[in-house]
Amino acid sequence: MPEVTRDLLADLLDEIALLLELKGENPFKIRAYRNGAEVVRSFDGDIVQRAKDDDLKGIKGIGDALQQKLHELASTGLLEFHQNLKDEFPEGLFELLELQGLGPRKVKALYEELAIASLGALRRACEAGTVGALAGFGKKSEEKILTAIDAHERFSGRFLLAAVAPDAERILHLLRQHPAVNRAEIAGSYRRGKETVHDLDFLVATKEPATLTEFFARLEGTQEVLAQGSTKAAIHLQSGLQCDLRAISNAEWPFALMYFTGSKDHNVELRSRALKQKLTLNEYHLAPVEGAELEDPTPKIKEESEIYAEMGLQYIEPALRENRGEFKAAEEGALPRLVEQDNLRGTFHNHTTASDGRATLEEMANAAQELGLAYLGISDHSKSSFQANGLDEERLLAQVKAIRTLQTKFDDLDLYAGNEVDILRDGSLDFDDGILAQLDYVVASVHASFGLPEKEMTARLIKAMENPHVTMLGHLTGRLLLRRDPYLVNHEKIIDCAAETKTVIELNCSGKRMDMDWSWWRRARDRGVKCSINPDAHNVEGLQNLHFGIRVARKGWLRREDIVNCLSAVEMRNWLQTPKGQRD
DNA sequence: GCCGTTTTCGGCCCGACTGTTTTCAGTCG
């Protein structure tokens, strides 16, 4: 039986939704399952235990049917309803659904009419012309499907935030320079600060929309034009990244910016709130519903914030727009003042050539100074990470000495000597306390034995956090975005333990990690856990990732006061000298 | 399948683009 986790419950509900779509079920039933998955993902509490105990009553979005199914799944690890559904379709259909332009209806038709159930079979059928003969398909469809299969094979379809940022900012700059453009912005998940994006959504306010879609379709670096109309265009860049453009008028700007920023769930909630005020909201206006005796607020709204104001809400920052409690907070005027890039004063988890870094201690220090940081912590790997040339006791103590010596060359940059110490399989640490006590701080991380069951992995991390020398926990789940799944950890228990032991949790903002995930930070914050935004830099450029760390921290509702590396140099010195258990 | 300060039944957000169609279905966001 697979281990039952929150993600397992949520993913299974999503999969049911997909299967029901293939069956052609009632779309609202499908939505109910998708919504249920989201409720499970964002539930504040031990949803797995609640499901096991059949104690889900009263959770909004989880009705009788989902309660029963979640209970069955959590207590047995299986769900008969899901198994039966799954048996109706071959596995390969899921792959077909990932293709651009193919939805459940078309996949269903291909399967039922032509028995196509794999990418290979689909490619052959398109090449043979049998797909084009199908009702609802034609010559063009065959070509598009073949192109989509090619794209699918080349790219997984998602990209790291850090990887798309250069293209994103380049194109935004070009749009803003265009003489017919009044305003331009990148909306979508990029604006919301998601750690990976599927595409980039550009928005321009202009009097000449068709000129802009034309301009956009001819951008340098374009591999292929997917669509080009009078107000909308879509391209594939050579990197495989899809970029969409919407061209709208000045008057529509605030509505379109909000609409295309999403998230989808945020928009749905906003629209339904508008309806309760007898207003209808879309990407063009906020207008009274038909028959309502109300003044149309549209003409006076010039900025996004005024839409929220009109609906009696505090302005909700894009980072928070995930329908995870931001509406309730905005209603109560209780939204946090989010941390900003300027608030950051230093950083801790960084490597040098002493282990697997590519820059020397001195190069890293110079780079930190150039970035305007007030302090820099060095934490190379410990001896068990032999693959990363981890330091043994002798080399570590020599490094501490080197850091103290280098410090004499810097007046306005404090250097801290730390270590990224391996948490061994049983939760003990790679160095004994006598060694750790000689360091300014310690990051404790897992680098091996990823496959432990959740309970053991959680106990392993908790044991490490209970060590008084462990300042912070490094990359909590070890995930590598788009490459390696996180190992199993009970986030709730880790967060509670961090609060109790005053252990900081790292927000590892290496582009491929962004770990702990943004969705957990609000909970951690509410329990008084502090965050350290660390780039896990292995070279000088790696320090730049702090910028993305701030974006993800904002997404996690974090304020300046929740982040230890927003402390000033003096405050940090005091903080590190205070025994762990007595720290704020 | 979920939900209820209009409702326990009848709603559930909505518009642009494409291709296959002659008025619309499917997909996407």
Side-chain angles (χ1 to χ4, degrees), chain A residues 13 16-17 20-21 24-39 56-70 81 96-110 131-145 147-148 157 187-190 192 197-203 209-210 213 217 225-234 242-248 252 255-256 258-287 289 291-292 323:
Chain A
L13 292 183
I16 291 175
L20 292 175
E21 269 186 328
E25 261 281 7
N26 172 0
F28 298 107
K29 185 193 278 197
I30 293 159
R31 182 185 298 174
Y33 276 96
R34 294 238 155 83
N35 183 47
E38 200 41 46
V39 170
L56 297 168
K57 225 173 183 52
I59 300 175
K60 201 161 179 286
I62 310 284
D64 290 341
L66 263 62
Q67 281 177 40
Q68 181 271 319
K69 290 187 172 75
L70 285 170
F81 176 73
L96 301 190
L97 285 166
E98 286 169 17
L99 295 178
Q100 174 93 34
L102 276 196
R105 313 301 287 250
K106 289 188 170 173
V107 167
K108 186 173 185 232
L110 288 167
V131 168
L134 218 57
F137 295 80
K139 200 90 218 119
K140 261 289 186 28
S141 312
E142 286 181 341
E143 286 167 23
K144 289 207 117 178
I145 290 172
T147 310
S189 49
Y190 185 82
R192 300 201 311 279
V197 300
H198 173 252
D199 59 13
L200 291 175
D201 299 294
F202 292 89
L203 195 64
T213 55
V225 178
L226 299 168
Q228 188 196 333
S230 56
T231 65
K232 192 175 164 175
Q242 182 174 330
C243 298
D244 296 341
L245 176 78
R246 291 293 290 239
I248 43 100
E252 291 161 350
F255 307 100
M258 183 168 68
Y259 183 87
F260 290 109
T261 296
S263 68
K264 200 172 174 150
D265 289 340
H266 180 89
N267 287 354
V268 167
E269 174 65 21
L270 205 57
R271 282 163 183 277
S272 102
R273 280 176 178 252
L275 280 176
K276 283 184 190 141
Q277 297 184 30
K278 299 218 179 305
L279 292 166
T280 168
L281 178 66
N282 62 20
E283 60 260 62
Y284 305 117
H285 60 232
L286 175 67
V289 295
N323 197 21

Chemist: Once rounded to the nearest 0.5 Å, what's the spacing between atom NZ of Lys232(A) and atom CD1 of Ile248(A)?
Modeler: 14.0 Å

Chemist: Could you please name the option among dG19(B), dG1(B), dC3(B) that lies closest to any side-chain atom of Lys60(A)?
Modeler: dC3(B)

Chemist: By nearest atom, which of the nucleotides dT18(B), dG29(B), dT27(B) is closest to the His198(A) side chain?
Modeler: dG29(B)

Chemist: Donor-acceptor pair under 3.5 Å: do we get one between Asn26(A)'s side chain and the base of dG1(B)?
Modeler: yes

Chemist: Mind checking the P distance from dC2(B) to dT6(B)? Whole angstroms is fine.
Modeler: 23 Å

Chemist: Among the candidates dA16(B), dC12(B), dC14(B), find the nucleotide nearest to the side-chain atoms of Lys232(A).
Modeler: dA16(B)

Chemist: Which nucleotide in the list dC2(B), dT20(B), dC17(B) gets nearest to the side chain of Ser141(A)?
Modeler: dT20(B)

Chemist: Judged by atom type as modelled, is there a donor-acceptor pair below 3.5 Å linking the side chain of Thr280(A) to the main-chain atoms of Val289(A)?
Modeler: no

Chemist: Would you tell me if any nitrogen or oxygen in the side chain of Lys140(A) comes within less than 4.0 Å of OP1 or OP2 on dT18(B)?
Modeler: no

Chemist: Calculate the interatomic distance between Asp199(A) atom CG and dG29(B) atom P; express it in whole Å.
Modeler: 6 Å

Chemist: When you measure from the side chain of Arg246(A) to the backbone of Leu203(A), do you find a donor-acceptor pair of N or O atoms at a distance under 3.5 Å?
Modeler: no

Chemist: Please figure out whether Gln228(A) or Leu66(A) has its closest DNA chain B nucleotide nearer the 5' end.
Modeler: Leu66(A)

Chemist: What nucleotide, of dG29(B), dC13(B), dT27(B), holds the atom closest to the side chain of Arg31(A)?
Modeler: dC13(B)

Chemist: Step by step, would you call Asn323(A) with Glu38(A) a side-chain contact (heavy atoms from CB on, under 4.5 Å)?
Modeler: CA-CA 10 Å; Asn323(A) 197 21; Glu38(A) 200 41 46; over 6 Å; no

Chemist: Between dC14(B) and dC9(B), how many Å separate the two C1' atoms, rounded to a whole number?
Modeler: 24 Å

Chemist: Shortest non-hydrogen contact from Gln67(A) to Gly58(A)?
Modeler: NE2-N, 4.5 Å

Chemist: Using the C1' atoms only, state how far dG11(B) lies from dT21(B), rounded to an integer number of Å.
Modeler: 31 Å

Chemist: Gly229(A) or Lys29(A): which one's nearest nucleotide on DNA chain B is closer to the 5' end?
Modeler: Lys29(A)

Chemist: Between dG26(B) atom P and Ile30(A) atom CD1, what is the distance in whole Å?
Modeler: 13 Å

Chemist: Contact class for Pro27(A) (heavy atom, under 4.0 Å): base, sugar-phosphate, or nothing?
Modeler: nothing

Chemist: Phe137(A) has an atom CZ; how far is it from atom C1' of dT27(B), in whole Å?
Modeler: 12 Å

Chemist: In this structure, how many angstroms lie between the P atom of dG15(B) and the CZ atom of Arg271(A), rounded?
Modeler: 7 Å

Chemist: Quick one: Phe255(A) CZ to dA16(B) C1', roughly how many Å, whole number?
Modeler: 19 Å

Chemist: Would you indicate which nucleotide in dC12(B), dT18(B), dG26(B) comes nearest to any side-chain atom of Phe28(A)?
Modeler: dC12(B)

Chemist: Nearest 0.5 Å please: distance from the CG atom of Leu97(A) over to the NZ atom of Lys106(A).
Modeler: 12.5 Å

Chemist: Pick one for dT7(B): is it syn, with its angle within 90° of 0, or anti?
Modeler: syn

Chemist: Just the rounded figure in Å: distance from P of dC2(B) to CG of Leu13(A).
Modeler: 10 Å

Chemist: Just checking Thr261(A): base, sugar-phosphate only, or nothing, at a heavy-atom cut-off of under 4.0 Å?
Modeler: nothing

Chemist: Once you apply a heavy-atom cut-off of 4.0 Å, does Leu102(A) come out as touching a base, just sugar-phosphate, or nothing?
Modeler: sugar-phosphate

Chemist: Taking the minimum atom-to-atom distance to the side chain of Arg246(A), which one of dG1(B), dA16(B), dC17(B) wins?
Modeler: dA16(B)

Chemist: Tell me whether the side-chain N/O atoms of Thr231(A) come closer than 4.0 Å to OP1 or OP2 in dC17(B).
Modeler: yes

Chemist: Using the P atom in both, what is the distance from dC28(B) to dT23(B), to the nearest Å?
Modeler: 25 Å

Chemist: In the structure shown, which nucleotide is the Watson-Crick or G-U wobble counterpart of dA25(B), with both distances under 3.5 Å?
Modeler: dT18(B)

Chemist: Looking at Tyr284(A), I'd like to know whether one of its side-chain N or O atoms comes within less than 4.0 Å of OP1 or OP2 on dC13(B).
Modeler: no

Chemist: For atom P, what is the distance between dC13(B) and dT18(B), given to the nearest Å?
Modeler: 26 Å

Chemist: Identify whether any heavy atom of Leu97(A) sits under 4.0 Å from a base atom; if not, whether one sits that close to sugar-phosphate; answer base, sugar-phosphate or nothing.
Modeler: nothing

Chemist: Please measure how far the C1' atom in dT7(B) lies from the corresponding atom in dC12(B), and state the result in whole Å.
Modeler: 13 Å

Chemist: Answer yes or no: does a side-chain N or O of Lys108(A) lie under 4.0 Å from OP1 or OP2 of dG26(B)?
Modeler: no

Chemist: For dT5(B) and dG1(B), measure between their P atoms and round to the nearest Å.
Modeler: 23 Å

Chemist: Check the distance between dC12(B)'s C1' and Arg273(A)'s CZ and give it to me in whole angstrom.
Modeler: 17 Å

Chemist: What is the distance, rounded to the nearest whole Å, between atom CG of Asp265(A) and atom C1' of dC12(B)?
Modeler: 14 Å

Chemist: Contact class for Asn35(A) vs. all strands (heavy atom < 4.0 Å): base, sugar-phosphate, or nothing?
Modeler: nothing

Chemist: How far does the P atom of dG10(B) sit from the matching atom of dG15(B), given to the nearest Å?
Modeler: 25 Å

Chemist: Would one find more than 12 heavy atoms of other residues, nucleotides or ligands at under 6.0 Å from atom CZ of Arg273(A)?
Modeler: yes

Chemist: Taking Ser263(A) for its side chain and His266(A) for its backbone only, find out whether a donor-acceptor pair lies under 3.5 Å.
Modeler: yes

Chemist: Does a nitrogen or oxygen in the side chain of Thr280(A) sit under 4.0 Å from OP1 or OP2 of dC13(B)?
Modeler: no

Chemist: Under 4.0 Å between any heavy atoms, over every strand shown, what does Lys144(A) touch: base, sugar-phosphate, or nothing? Just pick one.
Modeler: sugar-phosphate

